[in-house]
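These figures come from a predicted structure and were not determined experimentally. Reminder, nothing fancy here: chain letters follow the sequence lines and each chain counts from 1.
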Protein chains: 2
Amino acid sequence: MTAADGTVSRGRAADAVTAALEAQISSGALAPNSPLPAERDLMEQFGTSRTVIREAISILANRGLVESKPRFRPVVRKPDYESALHAVSGVVRHLLADQGGVKNLYQSRLFIERALVREAAVSADKQDIADLKQALAANQAAISDSLEFYRTDTAFHGALYRVIRNPIFPAIHEGYTAWLAPHWSKMLRSPERNAMNYRAHEAIMNAILERDPAAAEAALTEHLNAAWEHVRVTFNIDKL
Amino acid sequence: MTAADGTVSRGRAADAVTAALEAQISSGALAPNSPLPAERDLMEQFGTSRTVIREAISILANRGLVESKPRFRPVVRKPDYESALHAVSGVVRHLLADQGGVKNLYQSRLFIERALVREAAVSADKQDIADLKQALAANQAAISDSLEFYRTDTAFHGALYRVIRNPIFPAIHEGYTAWLAPHWSKMLRSPERNAMNYRAHEAIMNAILERDPAAAEAALTEHLNAAWEHVRVTFNIDKL
DNA sequence: CTTTCATTTTGGTCCTACCATATAATTTCT
DNA sequence: AGAAATTATATGGTAGGACCAAAATGAAAG
């Protein structure tokens, strides 16, 4: 087969189509949130069979550049850090099922957040502080409502991932939230436990306000370790 | 269509095949590094057309569970943290091409490694120290050989990612190495610059040996910032 | 203007066929 | 007999056509 640039591809024609569509997405010719052209149009546009068109779309879907629900037109997605996380989610499922997978992931989260609270204590600006305070207040207000508490709990930790101005970190937070959620949901939520977790958040907040990175890191570490220990002993997931 | 478990899937039959193959891989029925059965055998085994078999294989490939070179039999791969990184590499390319992508990635690396050297200074054990020392020695021995210096440089930083016993982190290091390599290779390597970088590594090592996390973090920060600054001013990649 | 119904698109699946190459089998040569 | 060259087969990649069910669309009815 002969590609547009004249090179002979002995391997996959789909790769050429994939690259072309990638380019059209990057250049904005295919706007985000707009549906992809119909497969039969694409096969005319690229002069190939539907087979290769479909394979190309499949590749783009797994790359996170388009979102394809069965029976629906694939929708173009701007490649952002969330879609990158979405792309790994398939493998992550296997890793979590593996021995120690959940523990490894949780440990990495602890490690990251330790560094984040330290960073927050050292260099959070007024806006960061305001965001954290607001998230904390919302968390306090939700102590009696376990479902809402979980949401605000996640939001508070999420605020931590935003003190460092880097879109990679909020995406990482979303990853942790999504992948660890099944195990967090196991946690027996109660107003008492919620209150305990809120106090832990408060301690972290105070350490940040006092610009004490060591105290912030210590508070965060104890908070996450306590949560882990609770899940661990309650559900005996040591081997996970 | 009716799947093996009797459920009727209105969407994709390929998903059923994918799941079945996933199970066979997880259970070890399909051993790692062994080739997948031929497509025509699989279509008989699952009672579906080659189309869906091929789509399932494609999905598995993008999930990182099988590695498929064009025209070759797909090879089963045990899903590890490296294959997870491999799965994102497609999207990452786009993110790096985007505005500030490289900078964001490099900043995240700096953030992670700051925490890593701090961790190393606090809790590196004898083995960790020995590994770091060996990596440092190899780095010193390669000052005059820029190519080899790059390799040992990477190895030294890699040793940092292993002090915390978590397979996620070496994988992250591989990601940084692979994705940042194109930009690092731009760096004008010379014995002088190599010597400079070696001294930076030495300073980090010393701080770790002295169990001084703050000094270690400072040394690492200066090291990576200097490298970034050099790349930045030399090649004017501010907007990358 | 909304609802309902008939029509057309469109994605998902199946099938058959053919090509090019990787792999296995066979022959040929040393 | 063993190695190298040759032929045959198996296998992945692509093409094209067909059918179905659900989605999108347009027309008719309320």
Side-chain angles (χ1 to χ4, degrees), chain A residues 1-21 24-25 30-31 33-77, chain B residues 1-21 24-25 30-31 33-77:
Chain A
M1 296 296 102
T2 303
D5 57 3
T7 59
V8 174
S9 62
R10 289 170 309 219
R12 335 190 101 125
D15 289 345
V17 178
T18 304
L21 288 175
Q24 290 190 27
I25 292 175
L30 289 173
N33 290 14
S34 69
L36 221 55
E39 295 179 355
R40 288 170 175 85
D41 290 348
L42 288 174
M43 63 185 280
E44 187 185 7
Q45 175 179 343
F46 289 102
T48 65
S49 68
R50 199 143 83 92
T51 309
V52 34
I53 296 294
R54 285 181 58 75
E55 185 171 345
I57 291 178
S58 169
I59 292 175
L60 289 177
N62 293 42
R63 283 226 197 310
L65 291 168
V66 304
E67 200 164 3
S68 81
K69 293 183 298 181
R71 293 269 164 208
F72 284 79
R73 292 276 279 281
V75 174
V76 176
R77 284 202 43 162
Chain B
M1 297 297 104
T2 302
D5 56 5
T7 59
V8 174
S9 62
R10 290 171 308 220
R12 336 190 100 125
D15 289 345
V17 178
T18 304
L21 288 176
Q24 290 191 26
I25 293 175
L30 289 173
N33 291 13
S34 69
L36 222 56
E39 296 178 355
R40 288 169 175 85
D41 291 346
L42 288 173
M43 63 186 280
E44 187 185 8
Q45 174 179 344
F46 289 102
T48 65
S49 68
R50 199 143 81 93
T51 308
V52 32
I53 296 294
R54 284 181 59 75
E55 184 171 346
I57 291 178
S58 168
I59 292 175
L60 289 176
N62 293 47
R63 283 226 198 310
L65 291 167
V66 304
E67 200 164 1
S68 81
K69 294 184 298 181
R71 295 265 163 210
F72 284 79
R73 292 277 279 281
V75 174
V76 177
R77 283 202 42 161

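Contact detail for B:Ala31 and B:Val76: the closest heavy-atom pair is O-CB, 3.4 Å. For the residue pair B:Pro35 and B:Arg73, the shortest heavy atom distance occurs at CB-CB, 4.0 Å. Looking at every heavy atom in both residues, B:Ala56 comes nearest to B:Ala14 through CB-O, 3.8 Å.
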Donor-acceptor pairs under 3.5 angstrom involving side-chain atoms of residues 40-54 of chain B: please list them, not counting sequence neighbours.
from, atom 1, to, atom 2, distance (Å)
B:Ser49, OG, B:Thr51, N, 3.4
B:Arg50, NH1, B:Glu39, OE1, 2.7
B:Arg54, NH1, B:Glu39, OE2, 2.9

Side-chain donor/acceptor pairs under 3.5 Å, residues 61-70 of chain B, sequence neighbours excluded:
none

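If you check D:dT11, D:dG13, C:dT10 against the side chain of B:Arg71, the one that comes closest is D:dG13.
In this structure, B:Phe72 places its CZ atom 12 Å from P of C:dA24, rounding to the nearest Å. D:dG13 atom C1' lies 11 Å from atom CG of A:Asp15, rounded to whole Å.
DNA chain C is contacted by A:Ala38, A:Glu39, A:Arg40, A:Arg50, A:Arg54 of residues 36-57 of chain A, taking any non-hydrogen atom closer than 4.0 Å.
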